[in-house]
Protein chains: 2
Amino acid sequence: MAINQTRDDMVDSIISVFRSEGYEGASLAKLSEATGLGRSSLYHHFPMGKEDMANAALDRLGILMGGDILGPLAGPGSARQRLADFGAKISGFYADGRQPCLLDVFSVGDAARLFQDRLRQTNRAFIQAITDLAASTGASPAEAARRGEDALIAIEGALIVSRGLASSDPFRRVLAELPDRVLGTEK
Amino acid sequence: MAINQTRDDMVDSIISVFRSEGYEGASLAKLSEATGLGRSSLYHHFPMGKEDMANAALDRLGILMGGDILGPLAGPGSARQRLADFGAKISGFYADGRQPCLLDVFSVGDAARLFQDRLRQTNRAFIQAITDLAASTGASPAEAARRGEDALIAIEGALIVSRGLASSDPFRRVLAELPDRVLGTEK
DNA sequence: GTCTATAGCTAGATAGAC
DNA sequence: GTCTATCTAGCTATAGAC
């Protein structure tokens, strides 16, 4: 769309289409419109077509996760402050619960068959980052792992229920309660 | 597929395809193969094509929910026993976490635009059934509503993470912990 | 109620000019 | 690097025989 867009800009547009439409629902027409590029230009950048675009989307998701989103969890500051920063990133990344997660929409159909291994890696990285933080606050390894897994479950589930109810409330509530649940200080 | 199949059998096969492939990924070829009916036979039963099939799937999901799945929650027996029965139904319905939920796969793309209102109703019915049980055990209305919503969030999230990790473990753990979370007796 | 055959379209993908 | 034009395959949907 934008003039002089970088490859990251292109991939961000592509991710947006995959998230909203799913893998099979993301037609080249929609991907073309979102990026502002003609079909042939897309094939110039992604010779293998849609599969290449999805791999580029997963590449970028991995980079965003490892850096901007999960990064705060291992950063400086108190555990509670790091979780607050993380929550803000998550809220923005999922547009207050309105934007689906690629880990969800790629877990059915052709995408599930094509990208199974990559999905597993990204799920693991997410869980591990929360697990590490929980462990650093004194939780046992098993308990920390449980909280890491629960955090991803809660976020993914909240996204579905928020879309299902057409309300951001469940997503916001889950994010608000997340620090206490990770730190084991709920109730 | 089966000889002498009822309409419910047909719709069950259709649901299975929608769950595995998503709305856009569920081609008539796959729906035809799963039901054992030719394209034209499908159009005889569902004149509006795929959209009719999806509506039939949502009709049946509503009936299964209202009866077999959520029914135990309002049945006889202790609250804990009812939750155990419910958990067993959920485990079977989602094939131990391997089968996606229609409320998830229909929440993106064309299906989200077509069936938004129906999805909201079904989400609400699910949450309400758990909420009612929690309220009947003494939880305040607000707390009961929170637990109802959390139960659906946990189940939907666990399905995604279980598929993402290619392991039933997260789904099983969430189901095992669900009674305590609904009854407020966790930890 | 199911079938074969096919229409009409859109999907993903390619060729080649500029 | 982007475009127009086009290919083939698969898609949804329909017609009409049985």
Side-chain angles (χ1 to χ4, degrees), chain A residues 1-58 60 102 105-106 108-115, chain B residues 1-60 105-106 108-115:
Chain A
M1 215 53 158
I3 302 170
N4 245 352
Q5 68 180 335
T6 66
R7 182 180 167 102
D8 280 352
D9 294 333
M10 279 171 39
V11 177
D12 283 342
S13 300
I14 287 166
I15 288 177
S16 172
V17 176
F18 279 130
R19 288 172 72 177
S20 303
E21 306 297 330
Y23 184 68
E24 347 247 346
S27 65
L28 288 204
K30 285 170 184 158
L31 290 161
S32 174
E33 193 199 351
T35 55
L37 295 172
R39 283 164 155 66
S40 297
S41 299
L42 282 177
Y43 276 94
H44 171 77
H45 294 284
F46 307 99
M48 297 294 193
K50 214 160 111 166
E51 193 174 332
D52 260 8
M53 297 184 221
N55 270 307
L58 288 167
R60 181 137 174 79
L102 217 51
V105 301
F106 276 13
V108 292
D110 285 346
R113 293 182 279 271
L114 285 167
F115 308 120
Chain B
M1 214 54 154
I3 302 170
N4 246 354
Q5 67 179 337
T6 66
R7 183 180 166 99
D8 279 352
D9 293 332
M10 278 172 36
V11 178
D12 283 342
S13 300
I14 287 166
I15 288 177
S16 171
V17 177
F18 279 130
R19 289 172 71 177
S20 303
E21 306 297 330
Y23 184 68
E24 347 246 346
S27 65
L28 288 202
K30 284 172 185 158
L31 291 161
S32 174
E33 193 199 350
T35 56
L37 296 172
R39 279 161 218 269
S40 297
S41 299
L42 282 177
Y43 275 93
H44 172 76
H45 294 284
F46 308 98
M48 297 294 194
K50 215 161 112 167
E51 192 173 332
D52 260 7
M53 297 184 221
N55 270 308
L58 288 168
D59 288 343
R60 182 139 174 79
V105 301
F106 275 12
V108 292
D110 284 347
R113 293 181 280 269
L114 286 168
F115 309 119

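Letters go in sequence order (proteins before strands), and every chain restarts at 1.
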| message | Under 4.0 Å, heavy atoms only, any strand: does Ser40(A) hit a base, just the sugar-phosphate, or nothing? | response |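 Contact class for Ser40(A): base.
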Between [atom2] on [N] and [atom1] on [X], what's the gap in Å once rounded to a whole number?
| X | N | atom1 | atom2 | value |
| --- | --- | --- | --- | --- |
| Met53(A) | dA11(C) | CE | C1' | 12 Å |
| Leu42(A) | dA11(C) | CG | P | 14 Å |
| Leu37(B) | dG1(C) | CG | C1' | 9 Å |
| Asp110(B) | dT10(C) | CG | P | 13 Å |
| Glu33(B) | dT2(C) | CD | C1' | 18 Å |
| Leu28(A) | dG10(D) | CG | P | 16 Å |
| Met48(B) | dT14(D) | CE | P | 9 Å |
| Arg7(A) | dG1(D) | CZ | C1' | 14 Å |

| request: Choose from dA13(D), dT2(C), dG12(C) the nucleotide whose nearest atom is closest to any side-chain atom of Tyr43(B). | output: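 Nearest nucleotide to the side chain: dA13(D).
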| query | Between dT2(C), dA13(D), dG12(C), which one does the side chain of Lys50(A) approach most closely? | reply |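 The nucleotide sitting nearest to the side chain is dG12(C).
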| Which distance, rounded to the nearest 0.5 Å, do you find between the CZ of Arg19(B) and the CZ of Phe106(B)? |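 CZ of Phe106(B) is found 11.0 Å from CZ of Arg19(B).
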| said: Let me confirm one number: the NZ-CZ distance from Lys50(B) to Phe18(B), rounded to the nearest 0.5 Å. | reply: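 Atom-to-atom, Lys50(B):NZ and Phe18(B):CZ are 6.5 Å apart.
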| Taking side chain as C-beta onward, heavy atoms only, is Asp110(B) less than 4.5 Å from Glu51(B)? |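 Asp110(B) vs Glu51(B): side chains apart.
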| In this structure, which one of Leu42(A), Val17(A), Leu37(A) forms a side-chain contact (heavy atoms from CB on, under 4.5 Å) with Ser32(A)? |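 Result: among Leu42(A), Val17(A), Leu37(A), Leu42(A) is the only option passing the side-chain contact (heavy atoms from CB on, under 4.5 Å) with Ser32(A).
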| task | Decide yes or no, distance alone: a donor-acceptor N/O pair under 3.5 angstrom between the base of dC3(C) and the side-chain of Ser41(B). | result |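 Flag unset: no donor-acceptor pair detected.
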| field | Residue whose nearest DNA chain C nucleotide is more 5′ - Glu51(A) or Met10(B) | value |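 Of the two residues, Met10(B) wins.
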| field | Flag, side chain of Glu21(B) to backbone of Leu31(B), donor-acceptor distance under 3.5 Å | value |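 Checked: no pair found.
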| message | Nearest heavy atom decides the nucleotide; on that basis, is Arg39(A) or His45(A) closer to the 5' end of DNA chain D? | response |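 It is His45(A) whose nearest nucleotide is closer to the 5' end.
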| Has His44(B) got a side-chain N or O lying under 4.0 Å from the OP1 or OP2 atom of dT14(D)? |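 Answer no for this pair, as no side-chain N or O of His44(B) is under 4.0 Å from OP1 or OP2.
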